[in-house]
Each structure stands twice: as structure tokens, then as C-alpha cells.
Amino acid sequence: VILETGELATYDNVRRASWLALAAGGDFIKTSTGKVSPASTLPVTLVMLEAVRDFAALTGEIRGVKSAGGIRTAKDAIRYLVLVHEIAGARLAHPDRFRFGASSLLNDLLMQRAKQRTGVYWTPTASRSTEDARSP
Amino acid sequence: MRRLTRGRRMAAAVAATALLLAACGDDAADDTPPPADQQPDDGDNGDEAETITVGAFDYGYTDLPGEIAAGTTIVMRNDSDAEVHEILAFRLPDDEDRPIQDLMQLSEEELMPLLDMRGVALAPPGADSTALPVPPLTLEQPGRYVFLCIIPTNAPPDEVMAVPARPARRRPGGRRGPGADLATRSIKTDGQGWALDLAIRMVDLTTLEGQDTPGKVHVAAVATAFPSGRASLAVKLADTRDAVAAGADEIDMVIDRGAFLPGDYGQVFDEIVAVKGLPAATPTSR
């Protein structure tokens with residue numbers, strides 16, 4: 001269930017919408033469609049994670065969170081992971097329970113991983129030209 | 001996953017002393033008299049900051065004077081050929097006058113509150129502590145100091161050296177929320193690789209654009225009047241049925257902000273229940 005947190009204006013609303021979606025049976029609560037800015041932010045994700053954590057404490061059911069939009073770099077992603085782990089614990093830090101909806105993120109993640117292995121991060125020009133090559 | 005700061009390593013190391021660590025320097029040093037009115041003696045003779053070099057080898061330091069002038073910088077030279085050595089300089093309280101031998105007999109709980117860490121010098125085998133990008137160990141305040149070396153003896157030197165050698169970061173005061181560390185915490189190679197892999201597995205490749213093709217992973221479909229969420233329930237349900245019939249494993253539904261924001265929570269709730277409750281291939285509303 002997408003909450004479109006960018007339009008909810010307050011954290012209270014995010015919490016309320018999260019709770020509503022969880023109570024109504026949504027398996028995942030997701031920050032945004034990607035069509036509205038701001039998309040996912042750390043604080044909004046924190047509120048949603050707390051809702052999932054509290055819901056699990058109340059009912060024993062563990063639901064998922066999906067942060068979508070605005071997460072572009074591996075460093076951002078790691079910040080989210082730390083948040084997930086610190087707020088909701090290790091059981092939520094799993095691909096079945098927490099997901100990134102961010103296709104542009106994947107590139108940087110793979111590049112950073114490659115950099116760890118090879119010591120080289122592709123230059124912006126190199127990566128841009130592959131993107132160009134891929135798009136019609 | 002190695003992401004230990006100096007502070008944590010200290011704690012871990014001291015806690016495990018009996019098991020795997022050797023305290024290699026148990027010597028007292030630096031017996032400058034405590035009184036505060038006896039400030040820097042290098043002020044009157046115009047001496048610039050002095051530097052002394054101290055040797056370190058198994059279980060001891062060499063060339064360590066009993067007394068040095070305030071403001072002296074200490075460089076440590078590691079004379080061993082296989083082990084990392086360090087100096088952790090702690091200042092003892094002014095009213096602490098027991099000899100060092102007695103202090104070393106204290107339990108960890110008794111000893112740690114007495115120790116106020118003022119600096120560190122660290123060197124790999126055969127090098128001295130100026131080789132590392134660590135702030136120099138300069139002792140400014142007169143008093144009695146203890147030098148300790150707390151290095152795991154069962155870890156290879158390069159692993160030990162990989163631990164960031166900097167004093168524990170002082171928190172700027174006030175309690176910090178759980179999110180405050182996120183931007184500053186440093187995650188080292190192993191942990192970083194693990195986290196990156198996890199993040200890669202967490203990425204959903206759906207872009208919610210028209211170009212997503214079935215057959216890649218599983219099919220997620222958006223239904224329910226995406227992205228506004230504004231349509232009648234009947235339209236949304238028909239949408240969802242179509243998507244499921246076309247092979248969608250997941251349904252991305254958007255809540256109707258037009259109903260939510262004015263507080264019409266019942267309607268939002270009912271819609272989610274209705275979409276979720278549709279029969280078919282047990283779509284999960286993600």
C-alpha cells in the first residue's frame with residue numbers, strides 16, 4: 001500500500017496512514033509512487049518502521065516497508081539499512097521485509113561493490129555512456 | 001564486520017584482558033606535581049614544544065622519563081618486529097596517590113573510573129607513531145599519567161592497524177536520537193560489502209513505468225487509480241482484477257489522499273480491505 005508520504009504533510013499523518021494500511025491488511029507499506037516530490041526520506045521511513053515495529057509487537061505479524069524514490073547512492077542505502085536495523089531490528093533487515101524502490105540506486109550499489117573488489121569506480125562519463133547505450 | 005571505534009575497542013579489550021590481551025606497559029610515567037598553579041614550565045625559558053621518543057617492546061616502554069615538561073609531544077617507536085604497540089595515555093585524578101603497582105591490581109570496575117584518556121600513539125612493527133595520520137600524543141596538563149598498551153596479541157598486525165586510531169569522539173552534549181549517528185558512522189570493508197549486498201537484494205526493479213516487462217522477476221502491477229488514488233472503488237477493484245488476471249503477483253495500491261487528508265479514514269481502510277480481499281492468485285498489496 002503506497003501512502004504517498006510527500007502529500008501527507010505531517011509525520012502524524014504518516015503514522016496514521018501507516019497504521020491504517022497495516023490494520024487493513026497491507027503486506028507492505030510504501031512511501032511513495034515516485035511521481036510526487038518529496039519521495040522517501042529518512043524521517044518518514046523512521047515513522048513507518050516504528051509503525052511496523054509496533055504493529056508486530058501488538059499482533060505478532062511482521063509486515064514490510066518499502067522506501068521508494070530519492071535513494072540514489074549506496075551511502076544513502078546504508079543509512080536506511082542502519083535505520084531499519086536500529087528501529088525495527090534484524091528481522092526487518094531482510095529483503096522480504098524491507099525493500100528499496102529505486103532503480104537508479106542499483107547502479108551505484110553494483111559500482112560500489114565492484115569498487116571494493118577492483119579499487120576502481122567507473123568514471124561518471126563511463127557510466128553515463130552505458131546508460132545512454134541502454135536507453136533507446 | 002569490523003566497525004570498532006577507539007572507545008569500543010578499549011572497552012572490549014579491557015573486558016577481555018584475561019583472555020586474549022596483554023597489557024604491555026604497566027609502568028608509571030610523568031610524575032609532574034599536580035598543583036594547578038605550577039603551569040607550563042616551558043613558558044619562562046621560551047622553549048618550544050619538546051618532543052621525546054619512547055621505545056616500545058614486549059611488555060614495556062624504553063626511554064620513558066619519569067617526568068616530562070607539560071606540552072611535550074611523545075613519539076612512540078615500535079621496537080618489536082611482529083607486534084603492533086601503542087601508548088594510551090591516561091591522566092590519573094589529582095588526589096590519586098597510590099603507586100602504579102597497586103593500581104594495576106584493581107579490578108576493571110575500580111580502575112576504569114580513575115582513567116581519563118588524553119591521547120594515543122600507535123605504531124606498526126618497526127615504525128614510529130609519526131607514520132600514521134593520528135593526532136600527535138601531546139600531554140598538556142600537569143599531573144600523573146599512566147601509559148598502557150592494550151592490543152590484542154592474537155590478531156595479525158595489519159588487522160589491528162585497520163582499526164581507526166583516533167580517540168573516542170566526544171558527544172557534543174545532550175542525548176542524541178537514534179538517527180543522529182547515521183551520517184557519521186563509518187562502516188568498514190567487510191560490513192560495507194555485506195550491507196551493499198543486502199541493499200542490492202532489497203532493490204525492487206519496478207519503476208512503475210509503462211516499460212516494465214513481465215518475466216523478469218515477479219510481476220508487480222499498479223492498480224487502483226495510480227498515482228492519485230482518486231477513483232471510485234468499483235474502478236479500482238476492476239483495475240486490480242485485470243492486473244491479477246494478467247499475471248501480477250503483487251498489487252501496488254495507492255491510498256486515496258483525497259479521502260485520507262480530510263479524515264475519512266473509514267473509506268481508506270475499507271478500500272484497502274476490499275482490494276486485498278479480492279480472490280485470484282492471492283495478490284499481496286504491496
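The chains referred to below are lettered A, B, ... by the order of the sequence lines, with proteins before strands, and numbering in each begins at 1. Keep in mind it's a predicted model, so treat the numbers as computed, not measured.
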* Is Lys30(A) close to Val254(B) at the side-chain level, that is, under 4.5 Å between some pair of heavy atoms? ->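 Not touching, per the 4.5 Å side-chain cut-off.
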* Min side-chain heavy-atom separation Phe260(B)-Leu3(A) under 4.5 Å ->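 Contact flag for Phe260(B)/Leu3(A) side chains = no.
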Quick check: closest heavy atoms across [X] and [Y], and the distance to 0.1 Å?
X         : Y         : answer
Glu7(A)   : Leu261(B) : O-CD1, 3.6 Å
Ala17(A)  : Ile255(B) : CB-CD1, 4.1 Å
Ile272(B) : Gly26(A)  : CG2-N, 4.4 Å

* To do: Against chain B, label Leu105(A) side chain, backbone, both or neither, depending on which of its atoms sit under 4.5 Å from a heavy atom there.
  =>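 Only the side chain of Leu105(A) comes within 4.5 Å of chain B.
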* Answer with side chain, backbone, both or neither: which region of Leu8(A) has an atom nearer than 4.5 Å to a non-hydrogen atom of chain B? =>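 Answer is both: backbone and side chain atoms of Leu8(A) are under 4.5 Å from chain B.
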* Top of Gly64(A), Pro95(A), Ala68(A) for chain B proximity - count of heavy-atom pairs under 4.5 angstrom ->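 With the most close heavy-atom pairs to chain B, the winner is Pro95(A).
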* Heavy-atom pairs under 4.5 Å with chain B are the metric here; pick the option from Ala74(A), Ser67(A), Ala77(A), Ala93(A) that has the most. =>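 Top option by heavy-atom pairs under 4.5 Å: Ala93(A).
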* **Proximal component of Phe269(B), with respect to chain A [non-hydrogen, under 4.5 Å]** =>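 For Phe269(B), heavy atoms of backbone and side chain both lie under 4.5 Å from chain A.
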* Would you please name every residue forming a side-chain hydrogen bond (donor to acceptor under 3.5 Å, both in side chains) with Arg16(A), sequence neighbours left out? =>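 Expected list: Asn13(A), Tyr265(B).
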* **Any residue meeting salt bridge (charged side-chain N to carboxylate O under 4.0 Å, His left out) with Asp76(A), in chain and number order, not counting sequence neighbours** =>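 Result, salt bridge (charged side-chain N to carboxylate O under 4.0 Å, His left out) vs Asp76(A): Arg79(A).
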